Amino acid sequence: MRLSQMLFVTLRDDPADAEIPSHKLLLRAGYIRRIGSGLYAYLPLMWRVLQKVSQIVREEMNATGAQECLLPQLQPADLWKESGRWDTYTKAEGIMFSLIDRREQQLGLGPTHEEVITAIARDMIRSYRQLPLNLYQIQTKFRDEIRPRFGLMRGREFIMKDAYSFHADEASLKETYQDMYKAYSNILRRSGLAFRAVEADSGAIGGSGSTEFMVLAEAGEDEVFYTEDGKYAANVEKAVSLPIDTETSRFTTYEKRDTPGTETIEKVCQLLNCSPTQLVKNVLYQTAYDNGITVLVLVSIRGDQEVNEVKLQNELTKLAPEYGAKTIISLNVPNVEAQQAWTAKSLPLGYIAPDIADEYIKANKQIHPKFLRLVDQTAVDLKNFVTGANEAGYHVVGANWGEQFKLPERVVDIRKSRPGDRAIHNPEQTLESARGIEAGHIFQLGTKYSQAMGATYTNEQGEEKPLFMGCFGVGVSRLAQAAVEQSYDKDGIIWPVAIAPYHAIITIPNIKDAQQIEIAQKLYTELNQAGIETLLDDRDERAGVKFKDADLIGIPYRIVTGRAIANGKVEVVERATRNSQEIVIEEVTTTLHKWITAATQVKN
């Protein structure tokens, strides 16, 4: 393609609404254009990148025996109500665009397609002989983000590959899960990206096990923990570890202490001259279930630890049936206004003890009359600890479980891991931290959807059994931007060769020099015919402008038909390294072919 004939407009300054480098560079380099909040047009250069990524995805998926299809973006609400996720997606998370058509039917714009594919399987899969089966699509998805940001990273419309597998049993599901693990690793390697596969939380998708594929980048929204021995990696929501050891309490007898103005851990420890590892803090949460019942949750945890709210939400979701519900609509620390709806009397905030009385809860049909009391494992073994006294301005010291306080029946792991924590698999290993961008996520769904929606098959014994399912997603548009976030410099984008929109760009420094034009056009034709995708910058612009634009858009190799042509050579500059060398014109095609082949070869 000739740049003079292309929709090609670059910006010299960073757009005001762009926050991270990749977002700024894609806008400046003319790859994308903002149309509305979280909505972007993929311009010609970007579309070529997305096609490259999609092709890699297709090849790796097809190699596993998966079959491509295309599912509708508009989905009937009834399917989502069958699975029990309609309220989760429209009310709790609120990420689904929902609408009512002219027939007064509720519809949703699909953020994901578990319900649709399960309905298809329910109608079409009858026998174990049809299994296993893996169907995938590359499709536009939609999320009603509260605050769209970072360009294609967190938009309201995005391109995604999702696959859904069906199996007769869990063993078969795990085989496909491992196949997908390998395929996803290949996709990221072939795309030229540094990544880490980590244990992850399944979130609203559900299921027993899941792995995220994180592209490592400083601007990544997610924190990843890993050990140097390579035997453990997890995202912050899922990570488990051993906290630092507890200091021995200096208190040996139980007593109540006057501690005015000590609503924080730091203040009470300073006043009592104690370590936060000797303290039990009690954090109050308010959770609303999908049947309208609100439950007040009291979490007791060691004073130096933080509650992992994703882990807490998972624990509360497991308990939903006990309250006659299916799922959680919201989870938060109630502010003063929220407390007024259920408190019978003023709470001693900052001084709450593990045994705060249920009488603080006002009688109300929509409010469960008792606190749900959870204790994190970090607080269970504390001896002679410090905690609140259920009275403003007072704490107790030298307290023990089974003596002054009853240990809550539900012991859970809901602490947030931290860098420096000891690894569970080997306490000599410590957790290290990195930032990452989630580019892929694979799930073992099990029978979550098939049971809810009645998707069954007949086994060899003639018995009707629920299908086991897997779910496997790659963010195609997100992966493309993640590549930029991982690889750029002060002058612009540095595309990995495999997903760059073009392999090479020929720059004509002087458009009025007939010899420069002749050699450039000859190379342009020859390279493209050899399968080396090449741009020709034949614009009537100064050489400096052309060089800047070539650096900005990040084409891997720049060929300059400048002064070197007098010696039968051209200058070839590698974008990633800035290495420059003069190559005989007749050898340019074979040289570039060799470089491109080497750069796109997958290294396991």
Side-chain angles (χ1 to χ4, degrees), residues 60-61 63-67 69 79 82-85 88 112-137 161-186 197-213 231-235 237-238 240 310-311 314-315 317-321 326-327 413 424-425 440-474:
E60 292 299 332
M61 291 302 296
T64 69
Q67 302 171 57
C69 60
L79 289 179
E82 282 186 52
S83 71
R85 291 203 304 172
T88 301
T112 184
H113 279 74
E114 283 79 12
E115 283 76 6
V116 169
I117 201 73
T118 305
I120 291 170
R122 177 175 63 193
D123 292 344
M124 299 186 71
I125 295 176
R126 292 283 178 264
S127 167
Y128 70 93
R129 293 187 180 89
Q130 295 171 270
L131 302 173
L133 178 69
N134 194 357
L135 301 172
Y136 78 95
Q137 64 169 347
K161 187 285 300 180
D162 52 340
Y164 301 97
S165 64
F166 299 91
H167 310 268
D169 53 37
E170 191 172 15
S172 174
L173 165 58
K174 288 184 175 180
E175 284 181 18
T176 296
Y177 187 82
Q178 288 304 314
D179 289 343
M180 292 296 100
Y181 188 103
K182 292 175 186 174
Y184 276 40
S185 299
N186 287 342
V198 304
E199 290 182 20
D201 180 71
S202 297
I205 301 292
S208 58
S210 72
T211 300
E212 281 179 346
F213 292 80
K231 293 182 179 179
Y232 183 75
N235 68 15
E237 297 172 341
K238 185 75 173 179
V240 293
V310 173
K311 289 184 181 179
N314 289 340
E315 292 294 335
T317 300
K318 291 178 194 172
L319 298 175
K326 291 182 179 178
T327 190
D413 170 21
I424 287 177
H425 76 277
H441 203 157
I442 60 177
F443 302 84
Q444 295 179 50
L445 297 178
T447 59
K448 172 183 169 72
Y449 296 92
S450 56
Q451 285 189 324
M453 299 180 67
T456 62
Y457 75 99
T458 303
N459 66 14
E460 290 184 71
Q461 290 73 41
E463 301 167 318
E464 196 171 317
K465 297 287 186 180
L467 289 159
F468 281 80
M469 290 177 60
C471 170
F472 317 98
V474 167

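All of these numbers come straight from a predicted model, not from anything done at the bench.
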Any chance you could measure Ile442, atom CD1, to Met180, atom CE, to the nearest 0.5 Å? 8.5 Å
For Tyr457 and Asn459, does a side-chain donor sit closer than 3.5 Å to a side-chain acceptor? no
Hey, could you give me the CG/OG1 distance between Asn186 and Thr64, rounded to the nearest 0.5 Å? 10.5 Å
Spacing of Ser185 atom OG and Glu60 atom CD [to the nearest 0.5 Å]: 10.0 Å
Give the intermediate values and the outcome of side chain to side chain contact (heavy atoms under 4.5 Å, CB included) for residues Phe443 and Met469. CA-CA 9 Å; Phe443 302 84; Met469 290 177 60; over 6 Å; no
Is Arg85 paired with Glu114 through a side-chain N to carboxylate O contact shorter than 4.0 Å? yes
Would you say Tyr449's side chain and Ile117's backbone share a donor-acceptor pair under 3.5 angstrom? no
What are the two closest heavy atoms between Arg122 and Met453, and how far apart are they? NH1-O, 2.7 Å
Distance check, rounded to the nearest 0.5 Å: Gln444 atom CD versus Cys471 atom SG? 11.5 Å
Mark yes or no for whether Ser165, through its side chain, and Gly470, through its backbone, hold a donor-acceptor pair below 3.5 Å. yes
Are any of the side-chain heavy atoms of Leu131 and His167 separated by less than 4.5 Å? no
Would Asn314 and Glu237 satisfy side chain to side chain contact (heavy atoms under 4.5 Å, CB included), going step by step from the backbone distance to the final call? CA-CA 11 Å; Asn314 289 340; Glu237 297 172 341; over 6 Å; no
Where do Cys69 and Gln137 come nearest, in terms of heavy atoms and distance? O-CB, 3.2 Å
So Leu133 and Gln67, do their side chains get closer than 4.5 Å, heavy atoms only? yes
Compute whether any side-chain donor of one residue and acceptor of the other, for Tyr164 and Thr118, lie under 3.5 angstrom apart. no
Closest approach of Tyr184 and Met61, non-hydrogen atoms and distance? CE1-SD, 4.4 Å
Report the C-alpha separation of Val310 and Lys238 in whole Å, then their side-chain angles, then the decisive distance to 0.1 Å, and conclude whether the side chain to side chain contact (heavy atoms under 4.5 Å, CB included) test is met. CA-CA 8 Å; Val310 173; Lys238 185 75 173 179; over 6 Å; no
In this structure, CD1 of Ile125 is separated from CD of Gln130 (nearest 0.5 Å) by 6.0 Å
When every non-hydrogen atom of Ala121 is compared with those of Phe166, the smallest separation belongs to CB-CE2, 3.4 Å
Separation of Lys161 NZ from Phe472 CZ (nearest 0.5 Å): 8.0 Å
Apply the test side chain to side chain contact (heavy atoms under 4.5 Å, CB included) to residues Thr211 and Tyr177: give CA-CA distance (whole Å), side-chain angles for both, the deciding distance (0.1 Å), then the verdict. CA-CA 10 Å; Thr211 300; Tyr177 187 82; 2.8 Å; yes
With no hydrogens and no angle check, is any side-chain donor or acceptor of Gln178 less than 3.5 Å from a backbone partner on Glu175? no
Determine the minimum heavy-atom distance between Thr447 and Leu467, stating which atoms define it. CG2-O, 3.6 Å
How far apart are the closest heavy atoms of Ala168 and Phe468, and which atoms are they? O-CD1, 3.7 Å
